[in-house]
Amino acid sequence: GVSIGEDGPSQMALEDLAMFRAIPTATVFYPSDAVSAERAVEIAANTKGICFIRTSRPNVPVIYGNDEEFTIGKAKIVRQSNSDQVTVIGACVTLLEAMKAADKLAESNINIDRKSVV
């Protein structure tokens, strides 16, 4: 796990994501902030079939603007530059940790782009 935080050690597993991804036609959402969580609920309510939204309890900063659009199956590019050397994909806590790591790497002139998946 990246962060035990408010969810506690019993909530560090990722089996729930794997189980729901294994169900044919199931749609899985793992929002990274309040805006993406709200959009996930909105999209899930309008999506045919089983939808699973995995949320976490940590108090996370808002990454996206209220006007951000989300599409099932399409990643969001959180930051990007012409000198990126690596792509990092994360969601919720792992996205936040990736953003921190990217800032630290940028101090050594190593640029990475960060993508989140909704």
Side-chain angles (χ1 to χ4, degrees):
V2 176
S3 164
I4 291 179
E6 294 87 342
D7 288 337
S10 66
Q11 303 301 314
M12 293 306 297
L14 300 175
E15 289 90 2
D16 57 334
L17 294 172
M19 287 186 304
F20 279 96
R21 285 186 43 90
I23 299 171
T25 72
T27 304
V28 177
F29 300 91
Y30 189 14
S32 296
D33 70 355
V35 173
S36 58
E38 181 180 358
R39 295 300 178 278
V41 171
E42 191 177 316
I43 294 168
N46 293 297
T47 298
K48 187 176 180 175
I50 296 171
C51 291
F52 173 67
I53 303 171
R54 180 187 219 230
T55 57
S56 299
R57 282 185 261 182
N59 185 12
V60 296
V62 174
I63 299 169
Y64 302 104
N66 287 330
D67 58 346
E68 190 74 36
E69 293 185 27
F70 295 87
T71 304
I72 292 173
K74 185 172 182 184
K76 304 296 289 181
I77 299 173
V78 179
R79 290 191 218 161
Q80 185 176 31
S81 75
N82 291 332
S83 60
D84 290 337
Q85 300 172 26
V86 178
T87 297
V88 174
I89 299 173
C92 199
V93 174
T94 57
L95 175 61
L96 299 172
E97 292 300 320
M99 292 170 69
K100 289 179 194 174
D103 292 340
K104 192 86 170 160
L105 288 168
E107 294 172 8
S108 300
N109 293 320
I110 300 171
N111 294 316
I112 67 173
D113 68 356
R114 277 76 56 191
K115 296 182 182 185
S116 69
V117 179
V118 175

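Just so we're clear, the structure is a prediction, and the values are computed from it rather than from any experiment.
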Check: K76 side chain, T71 main-chain N or O, donor-acceptor pair, under 3.5 Å: no

Value rounded to 0.5 Å, distance of CE in M99 from CD1 in I63: 5.0 Å

For P31 against C92, the heavy-atom pair lying closest together: O-CB, 3.4 Å

Residue pair F20 / A26: nearest heavy atoms and the distance that separates them: O-CB, 3.2 Å

Same apolar cluster: M19 and V28, side chain cutoff 4.5 Å: no

Spacing of NZ belonging to K104 relative to CD belonging to E107, to within rounding of 0.5 Å: 5.0 Å

Separation between NZ of K100 and CG of L105, rounded to the nearest 0.5 Å: 14.0 Å

Nearest heavy-atom neighbours spanning S32 and S36: N-OG, 2.9 Å

Contact check, side chains of V35 and N66, non-hydrogen atoms, under 4.5 Å: yes

Y30 OH to T55 OG1 distance, which is reported to the nearest 0.5 Å: 9.0 Å

Non-hydrogen side-chain atoms of V41 and F29 separated by less than 4.5 Å: no

D103 and R79, any side-chain heavy atoms less than 4.5 Å apart: yes

Sub-6.0 Å ring centroid separation between Y64 and F70: yes

Minimum side-chain heavy-atom gap L96-P61 below 4.5 Å: yes

Rounded distance [0.5 Å steps], OG1 in T94 versus CD1 in I89: 10.5 Å

Gap separating the CZ atom of R39 from the CD1 atom of I53, nearest 0.5 angstrom: 13.0 Å

